[in-house]
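Data block below; observations after.
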Amino acid sequence: MQELVVIILTLDEEPNLPAALASVGTRAPVLVLDSGSSDRTQEIAREGGAELHVRKFDDYSSQRNHSLDLVRDRFRWVLFLDADERMTPELWAEIDQVLPREDVDGVYIGWVFEVLGRDLRHGSFGIASNLRLMRADKARFGRATHERVDDREMRVIRLRHKIRHADAKPLAEWFRKHIRYAQWEAKHYVEGTDKARGLEGFNLRTKAGRTVGLRWAYNKLPLFVRPFLHLGRTVVLHGAWRDGLPGLMYAGMQSLWYPMMTDLFILEEKRRRKHEDES
């Protein structure tokens, strides 16, 4: 059993992958699970010494669970890193202190998000974190979009230092990606996936459990009202304004434009299905 492996999911990440691999360096082996890139992503992974696997993309949970299956018998800990993210020496030092501990099963890590040359530290990023470091034998992802681990039975902590998010792709790629996310979210809403799940997994002890409750409450709000409430929460309550124009711009993108687009896709899908039923 080796101590730690870093897993990176990729699809056409030629501009980002070299920096992500460099931020890991020789601190841990890297496994890249690619979804069929058409650029040099796979070549870069091999040249960087990563273990490369290719799997057709179904959804994010399936990809992450497949990658866990590939390493579960070989590594005690797994660290998930996105191709547009970078580890820092300070974060590595903090992780090194966690790995020997027997009283921790999962570790939440936040982000510093770079937009237009400015580091965003407030708004949604002031409180945001994901379960990124976890014991390989205890983790399993659920929910196809905005996937998460059910950590109710896990002993979790949150680190002080954060991952740097610095996407080298044009800003237009962010919009294209979130259009896809919004379509997936709309599909879950219309098909009742989240409604059927209800408050399953809800608890106040862990972030994943609290997220279940927040998403349940959010889905109870009226369409086209909830995006404005989301924006107000991000800008006022979480202080996105403190990051200046880049912070307000990103808050508008993430907390108003994206959820508004999701609601539009929901309305469109409902009208389409109604038309089909009447035909």
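For the numbers below, each heavy atom of this structure counts, side chains included, while hydrogens, waters and symmetry mates do not.
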message: Quick one, E185 and M261 - any side-chain contact, counting heavy atoms below 4.5 Å?
response: no
- request: Please name all residues satisfying side-chain contact (heavy atoms from CB on, under 4.5 Å) with D150, sequence neighbours left out, ordered by chain then number.
  value: R152
query: Any ion pair linking R226 and D263 (charged N to carboxylate O, less than 4.0 Å)?
result: yes
task: Name all pairs fulfilling the salt bridge (Lys or Arg N to Asp or Glu O under 4.0 Å) condition that reach into residues 13-26, sequence neighbours left out, sorted by first residue then second.
output: E13-K169
message: So, using side-chain contact (heavy atoms from CB on, under 4.5 Å) as the criterion, who are the partners of H238 when residues are at least two apart?
response: I127, R233
task: Apply side-chain contact (heavy atoms from CB on, under 4.5 Å) to P18 and list each qualifying residue two or more places apart in sequence or on a separate chain.
output: I44
query: Taking only residues two or more places apart in sequence or in another chain, which ones pass side-chain hydrogen bond (donor to acceptor under 3.5 Å, both in side chains) with E43?
result: R40
- request: Determine, stepwise, if the pair R273 / E269 fulfils salt bridge (charged side-chain N to carboxylate O under 4.0 Å, His left out).
  value: CA-CA 6 Å; R273 295 189 182 203; E269 183 64 14; 2.7 Å; yes
task: Scan side-chain atoms only and decide if Q63 and R55 contain a donor-acceptor pair under the 3.5 Å cut-off.
output: yes
- prompt: Does F175 have any side-chain contact (heavy atoms from CB on, under 4.5 Å) partners at least two apart in sequence or in another chain, and if so, which?
  reply: L171, M253, W257
task: Under the side-chain hydrogen bond (donor to acceptor under 3.5 Å, both in side chains) rule, collect the residues that match up with H66, sequence neighbours excluded.
output: none
field: Inter- and intrachain pairs under salt bridge (Lys or Arg N to Asp or Glu O under 4.0 Å), touching residues 22-35, at least two apart
entry: R27-D96
message: Looking at D69 and R140, is any side-chain nitrogen of the basic one under 4.0 Å from a carboxylate oxygen of the acidic one?
response: yes
query: What class does the angle between the rings of W184 and Y181 fall in, given that below 30° is parallel, 30 to 60° is tilted and above 60° is perpendicular?
result: tilted
query: Are the charged groups of R272 and E276 less than 4.0 angstrom apart, N to O?
result: yes
query: Which residues satisfy the side-chain hydrogen bond (donor to acceptor under 3.5 Å, both in side chains) test with R210, sequence neighbours excluded?
result: none
task: Start with the C-alpha distance between R164 and E90, add both sets of side-chain angles, then the distance that settles salt bridge (charged side-chain N to carboxylate O under 4.0 Å, His left out), and finish with yes or no.
output: CA-CA 11 Å; R164 285 195 62 84; E90 296 80 9; over 6 Å; no
- prompt: With sequence neighbours left out, which residue pairs that include part of residues 89-123 fulfil the ring pair (Phe, Tyr, Trp, His ring centres under 6.0 Å) condition?
  reply: F113-F125, F113-H165, F113-Y250
task: For R271, check side-chain hydrogen bond (donor to acceptor under 3.5 Å, both in side chains) against everything at least two apart and list the hits.
output: none
task: List for me each residue that meets salt bridge (charged side-chain N to carboxylate O under 4.0 Å, His left out) alongside R86, sequence neighbours excluded, and say none if there are none.
output: none
